[in-house]
Enquirer: 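What follows is a structure written as structure tokens; I'll ask about it next.
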2 protein chains.
Amino acid sequence: MIFLVDHFFEGKELLNRIPIRGKDKLIFADVTYEPKTTYVDKIAQSLKDEFGKVSGVIGIGGGSTLDLAKGVSLMMNNPGSSADYQGWDLVKVPGVYKAGIPTLSGTGAEVSRTTVLTGPTRKLGMNSDFTPFDQIVLDPQLTANVPANQRFYTGMDCYIHCIESLQGTYLNEFSKSYGEKALQLCQKIFVEKDHWDDESDEQLMMASYAGGMSIAYSQVGVAHAVSYGLSYLLGTKHGIGNCIVFDKLEEFYPAGVEEFKKMIEKNKIDIPQNITAGLSDDDFDKMINVSLGMKPLWENALGKSWEKQMTRDKLRKLYERL
Amino acid sequence: MIFLVDHFFEGKELLNRIPIRGKDKLIFADVTYEPKTTYVDKIAQSLKDEFGKVSGVIGIGGGSTLDLAKGVSLMMNNPGSSADYQGWDLVKVPGVYKAGIPTLSGTGAEVSRTTVLTGPTRKLGMNSDFTPFDQIVLDPQLTANVPANQRFYTGMDCYIHCIESLQGTYLNEFSKSYGEKALQLCQKIFVEKDHWDDESDEQLMMASYAGGMSIAYSQVGVAHAVSYGLSYLLGTKHGIGNCIVFDKLEEFYPAGVEEFKKMIEKNKIDIPQNITAGLSDDDFDKMINVSLGMKPLWENALGKSWEKQMTRDKLRKLYERL
């Protein structure tokens, strides 16, 4: 069994709780940057070289580590590079057994059917029915010491999932019931409550899970489509990237953005501004290409005729405001 | 692949939608009475006699049919009688692949970790990690023509699951978030809304699913413990049995019972009264024995010292009121 653990935990007490036995191996995942297809391929290849086959991969960490674990599991059994499978339903063979143990709440990576990876030409996940974990462990104690800023950025990923799912054209009753519950929990934690306690950790963990379940059968929307371009070019991390973008989406999600601004104020969070200042035309084109490649996200957000509404020109203006 | 279909659908249009191929077999499940261990054993044995092994069992129907399908799947791979596995975590070997397609909403059998079976000495499920379905299909169109009374009784099974889970001592944040969502959906459908439409079918289907998820990691309570005794002796069906019992549980669930009575009135439902009139001491003893055997249910409802609170005498008085 391969334990893929967020490098944040190197030397930390959590390691004593991991039951390494026999030929089990612990690998620290370097998530300084969000996971790249080259990194997934490298870990999978090194495991094949060392063991031939493995019994399973257990990811312990935030969304990046969980996505890495899902990717490595799939690439133990699928030929080629993980970059070949960036897209929807390109994976044809199940991976090895995989389990996820989140130590950050919000991304929903513990239940999503994707692994968000930066590849040679795009930032896009291996979206497939074979991508979700076989088992997950939800232990809110593991999220107890996350710094408040990080907690907020990742928590807002969940909040934004809900808004994008609930206002999307792909919505169905399954996604709706999960999205409503996750939204309600986010509001309880970030709007209504005046302090952070163990219950907040528990509720944010369930919000993350429910938000992930909501988008598993619907789709995310404008904030994700735009922030993927940002991450691709500038390496902006997913949580904060979503916040930077969502902050400017009053045209698409007026009520959500209004509440989001309240949460920023109440929780005393700084959202970086002017991060695209000074970028070249070529840079903007790269971001626009990555973003407009996320067709299902745009279709979910704006309907079948989304291309008429979101032109390259309009998207450029949006990127310039970030 | 074995399709186990509620006998209600004999001659109905639904059969045309079942993609029978090759050596697939369709079996109509006789659910005139709730499933018995002898019936599970009989179906499993006949499949072994005819095919040796099967690829999987797909249950299509209400809670009884789904529980039958789960039981048959398990008994294809486990020795002895299903009665040997009535209890908690007695099943040690996974069953064959199993899928569930509910045609009634409320029981949560599509996601529960039990199969409620009437055996030689008890009414109790095969509760185990191997019991849940591998896959489920939620299609609210399949529930569109359920008669209003039946829909209410089965829907109330879900409502009661939520109350028992949310007020139970086993509650955790996972069960709570699902229980709250299911309860909210039930209230929307049965309290707030004035008519029944497609959205009601969709929402009751999600309520059933969420209610089932809620008790999967917590437990049910007094209404279920008492109604199991009723079903065991009198064959009272689960949905209506729960209603008969819950109607008299104001001592344990005051707010829930009050709202339940409102829903009965609003939806113009008759709850049978005096169904235990004329029973012998021996009959009452049988019901009390079955009921008090459900230790986890009582412990969830009343805490560790439940035996001091729910004496045989007190339970007898409760049964006499039904």
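Below, read A as the first sequence line, B as the second, and so on, with proteins coming before strands; counting in each chain starts at 1. On a predicted model such as this, the values are computed, not experimentally measured, just so you know. Computed over heavy atoms, backbone and side chain alike; hydrogens, waters and symmetry mates excluded.
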Enquirer: Does Asn172(A) CG have over 12 foreign heavy atoms under 6.0 Å away?
Expert: yes
Enquirer: When heavy-atom pairs shorter than 4.5 Å are enumerated against chain B, which of Glu199(A), Glu180(A), Gln184(A) gives the highest number?
Expert: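 Heavy-atom pairs under 4.5 Å are most numerous for Glu180(A).
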Enquirer: Roughly how far, to the nearest 0.5 Å, is NZ of Lys176(A) from CD of Glu202(B)?
Expert: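 Rounded to the nearest 0.5 Å, the CD-NZ separation comes to 8.5 Å.
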Enquirer: Looking at Tyr217(B), I'd like to know if its OH atom is crowded, meaning that more than 12 non-hydrogen atoms belonging to other residues, nucleotides or ligands lie closer than 6.0 Å.
Expert: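 Atom OH in Tyr217(B) is not crowded, with 12 or fewer foreign heavy atoms closer than 6.0 Å.
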Enquirer: When rounded to the nearest 0.5 angstrom, what distance separates CZ in Phe174(B) from CE in Met205(A)?
Expert: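 Reported value, rounded in 0.5 Å steps: 12.0 Å.
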Enquirer: Verify the neighbour count for atom CG of Asn145(B): are there more than 12 heavy atoms of other residues, nucleotides or ligands below 6.0 Å?
Expert: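 Counting other residues, nucleotides and ligands, CG of Asn145(B) stays at 12 neighbours or fewer.
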Enquirer: Heavy-atom count check: over 12 atoms from other residues, nucleotides or ligands less than 6.0 Å from Glu192(A) CD?
Expert: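 Yes.
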Enquirer: For Ser177(A) versus Met206(B), what's the shortest heavy-atom pair and its separation?
Expert: OG-CE, 3.3 Å
Enquirer: Which distance, rounded to the nearest 0.5 Å, do you find between the CG of Asp129(A) and the CD of Gln135(B)?
Expert: 8.5 Å
